> 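Before I ask anything, here is the structure I am working with.
The shown structure was predicted, so the numbers you read here are calculated from the model rather than taken from an experiment.
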Amino acid sequence: MRPLDESETTAVFGKLFKFVGNNLKNIVENPSHEGPDSNPGRYCFRLQKNKVYYVSEALVKRATNIARPNLVSLGTCIGKLTHGGSFHLTVQSLNLLASNAKHKVWLKPTSEMSFLYGNHVLKGALGRITENIAPGDGVVVFSMSDVPLGFGIAAKSTQDCRKLDPNGIVVLHQADIGGYLRMEDDL
């Protein structure tokens, strides 16, 4: 497990910024109260076998006693780096994104299952939507009871959604909590 180099950090922060905007500062400076120290530490990003983990520094220090081949996971796996150098968020990063999300979409209860089966969000499925969403922005999808269901990329702006027909795609699906069941073996 090693720290991210400059290009990897740029890829990870670029993708996270797409979803959380200026709240990225909250993720990086989040205090960690793990470990025996009385003063809180910080969270950091570490790379292990092309997977990026969000982990407390205290846990990283304790994990140095474990040999790299024997270390399976540490902290929260938030995504994977591809061979081409791009970064893909995984569904495990949903809690981190949901607590710091810049743009949010709430689904009607009748449409939640469709999204959890891996389908895009249609205009007819929207319960609420935050203002100032532009096409291409990262969006976190919630149920009407504020339970995070997944995330995706905005296909239309907030203004365009008002004029869109009910079958128009609003959010392009990227990951959802139903992915745990569909891809059990890969996670």
Side-chain angles (χ1 to χ4, degrees), residues 1-104 115-116 118 137-143 145-153 171-187:
M1 183 156 289
R2 66 171 178 80
L4 303 176
D5 65 25
E6 191 173 330
S7 64
E8 294 164 345
T9 303
T10 304
V12 171
F13 282 3
K15 183 66 81 164
L16 286 175
F17 185 80
K18 193 175 208 176
F19 285 89
V20 299
N22 292 334
N23 293 338
L24 182 60
K25 182 180 178 187
N26 297 342
I27 293 173
V28 174
E29 295 178 356
N30 188 15
S32 165
H33 297 285
E34 293 178 7
D37 296 337
S38 59
N39 58 345
R42 291 237 167 125
Y43 282 93
C44 57
F45 296 95
R46 292 290 187 259
L47 184 71
Q48 169 80 6
K49 297 179 183 174
N50 87 339
K51 292 184 180 178
V52 178
Y53 293 91
Y54 182 66
V55 61
S56 70
E57 290 175 344
L59 195 56
V60 170
K61 287 178 187 172
R62 284 186 257 148
T64 56
N65 297 333
I66 301 169
R68 280 190 185 187
N70 297 340
L71 187 64
V72 176
S73 177
L74 186 67
T76 304
C77 177
I78 62 163
K80 297 178 181 181
L81 283 166
T82 64
H83 293 293
S86 62
F87 179 69
H88 296 283
L89 287 168
T90 57
V91 69
Q92 292 96 330
S93 65
L94 182 59
N95 287 339
L96 189 65
L97 295 177
S99 61
N100 296 291
K102 182 178 176 184
H103 302 298
K104 300 177 183 180
F115 181 74
L116 294 177
D137 284 347
V139 177
V140 178
V141 179
F142 290 87
S143 69
S145 56
D146 281 335
V147 175
L149 300 176
F151 56 89
I153 301 296
V171 177
L172 300 171
H173 177 276
Q174 279 200 331
D176 63 80
I177 56 176
Y180 282 118
L181 299 174
R182 291 192 307 273
M183 300 181 289
E184 275 182 274
D185 299 332
D186 297 337
L187 299 175

> What residues, two or more places apart in sequence or in another chain, satisfy side-chain hydrogen bond (donor to acceptor under 3.5 Å, both in side chains) together with Thr9?
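For Thr9, no residue satisfies side-chain hydrogen bond (donor to acceptor under 3.5 Å, both in side chains) once neighbours in sequence are set aside.
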> Do the ring planes of Phe45 and Tyr54 sit parallel (below 30°), tilted (30 to 60°) or perpendicular (above 60°)?
tilted
> With a 6.0 Å cut-off (strictly less than), is the heavy-atom count around CG of Asn22, excluding the residue itself, greater than 12?
no
> Considering only heavy atoms from C-beta outward, does the side chain of Pro3 approach that of Arg46 to under 4.5 Å?
yes
> Identify the two heavy atoms, one from Cys44 and one from Val60, that lie closest to each other, and give their separation to 0.1 Å.
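What the structure gives for the nearest pair is SG-CG2, 4.0 Å.
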> So does Leu74 get a backbone contact from the side chain of Gln48, meaning a donor-acceptor N/O pair under 3.5 Å?
no
> Can you confirm whether Ile66 sits close enough to Met1 that some side-chain heavy atom of one is under 4.5 Å from a side-chain heavy atom of the other?
no
> Calculate, to the nearest 0.5 Å, the distance between atoms CG and CG belonging to Leu24 and Asn100 respectively.
8.5 Å
> With side-chain contact (heavy atoms from CB on, under 4.5 Å) as the criterion, how do His173 and Val141 come out once you've worked through the C-alpha distance, each side chain's angles and the decisive distance to 0.1 Å?
CA-CA 9 Å; His173 177 276; Val141 179; over 6 Å; no
> What is the distance from atom NE2 of His88 to atom CD of Gln174, rounded to the nearest 0.5 Å?
9.0 Å
> Going from CD1 on Ile27 to CZ on Phe13, what distance comes out if it is rounded to the nearest 0.5 angstrom?
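CZ of Phe13 is found 9.0 Å from CD1 of Ile27.
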> Going by the rule ring-ring contact (aromatic ring centres under 6.0 Å, His included), which residues pair with His103 if we only count those two or more places apart in sequence or in a different chain?
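Testing His103 for ring-ring contact (aromatic ring centres under 6.0 Å, His included), a comparison that skips the adjacent residues, returns none.
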> Within a strict 4.5 Å, meaning less than it, do heavy atoms of the Arg2 and Glu8 side chains meet?
yes
> With side-chain contact (heavy atoms from CB on, under 4.5 Å) as the criterion, how do Cys77 and Val52 come out once you've worked through the C-alpha distance, each side chain's angles and the decisive distance to 0.1 Å?
CA-CA 6 Å; Cys77 177; Val52 178; over 6 Å; no
> Step through the shown structure and confirm whether more than 12 heavy atoms of other residues, nucleotides or ligands are within 6.0 Å of CD on Glu6.
no
> Just how far is it from atom NZ of Lys102 to atom CZ of Phe19, taken to the nearest 0.5 Å?
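Those atoms lie 12.5 Å apart.
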> Measuring from Asn26:CG to Ser99:OG, what's the distance to the nearest 0.5 Å?
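With rounding to 0.5 Å, CG (Asn26) is 8.5 Å from OG (Ser99).
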> Assess the residue pair Val139 and Leu172 against the criterion (side-chain contact (heavy atoms from CB on, under 4.5 Å)); give the C-alpha distance rounded to whole Å, side-chain angles, the decisive distance to 0.1 Å, and a yes or no.
CA-CA 9 Å; Val139 177; Leu172 300 171; over 6 Å; no
> Is there side-chain contact between Val20 and Leu97, with heavy atoms separated by less than 4.5 Å?
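Yes, side chains in contact.
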> Roughly how far apart are Thr76 OG1 and Tyr53 OH, rounded to 0.5 Å?
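One gets 10.0 Å once the value is rounded to the nearest 0.5 Å.
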